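The structure appears right after this line, and notes come after that.
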Amino acid sequence: MDDCIFCKIVRGEIPSEKVYEDDQVLAFLDLSQVTKGHTLVIPKKHARNVFDLPPETAAELFRRIPKIANALKTAFPLEGMNILNNNEEIASQTVFHCHIHLIPRYSKKDDFGLIWKDNSDTYDEEEFKKRAEAIREQLKYT
Ligand code: AMP
Ligand code: ZN
């Protein structure tokens, strides 16, 4: 895509600090460095986000992630890692070329956090089943 910033990075038209590259996947440091070593992994072929990602591209993208995550783990004294993928504006996507964030975690006081409310206290068996059924219907899974 002509005006896509990550496609421009793939084509070398704008600079990036690359840490991994092959024919299908590129990984480079995220400018924002939410935590030290924060890295983005992208398919070279443009896709807007996960809703638009061909399964083969997804497979090629994700199969590189353990290797890159382990490189970060060896390079830095991280205690853990959040692997994050934002899809569409409501979910905080700001660059519309699919990418996976690798965010090393060093301590609970890192500049990264997730609000993850546990609603299990309002568990409703019927509603739970209805939700699963709605998804199964789309996947035609029984
Ligand atoms: P998201 O909000 O999930 O779409 O993430 C987009 C990420 O791209 C942000 O964390 C930005 O810091 C990062 N970013 C934007 N432009 C660049 C760039 N030129 N080089 C590296 N990272 C970038
Ligand atoms: Zn792109």
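Note that the structure is predicted; figures quoted are calculated from it, not measured. When a residue number appears, it is its place in the shown sequence, counting from 1. Indexing begins at 1, ligand by ligand and atom by atom, following the structure's order.
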* Decide if the gap between the ring center of H97 and the ring center of H99 is smaller than 6.0 angstrom. => no
* What about the rings of F6 and F28, do their centers lie closer together than 6.0 Å? -> yes
* Any donor-acceptor N/O pair, K73 side chain to M81 backbone, under 3.5 Å -> no
* Metal-centred angle, SG of C7 through the Zn ion (ligand 2) to ND1 of H97, rounded to 10 degrees -> 110°
* Asked: Is there a donor-acceptor pair closer than 3.5 Å between any side-chain N or O of Q33 and the backbone N or O of G37?
  -> yes
* Crowding at CD, E127 (>12 non-hydrogen neighbours, <6.0 Å) -> yes
* The single option from N85, L40, V41 passing side chain to side chain contact (heavy atoms under 4.5 Å, CB included) against H101 -> L40
* Identify which one of V34, L102, L114 satisfies the side chain to side chain contact (heavy atoms under 4.5 Å, CB included) criterion when paired with N82. => L114
* Asked: Can you name the N/O/S atom of H46 that is nearest the Zn ion (ligand 2)?
  -> ND1
* Show the protein residues that qualify under the rule heavy atom under 4.0 Å from an atom of ligand 1, listing them in chain and number order. => I5, F6, I9, F28, L29, D30, L31, S32, L40, N86, S92, Q93, T94, V95, H99, H101
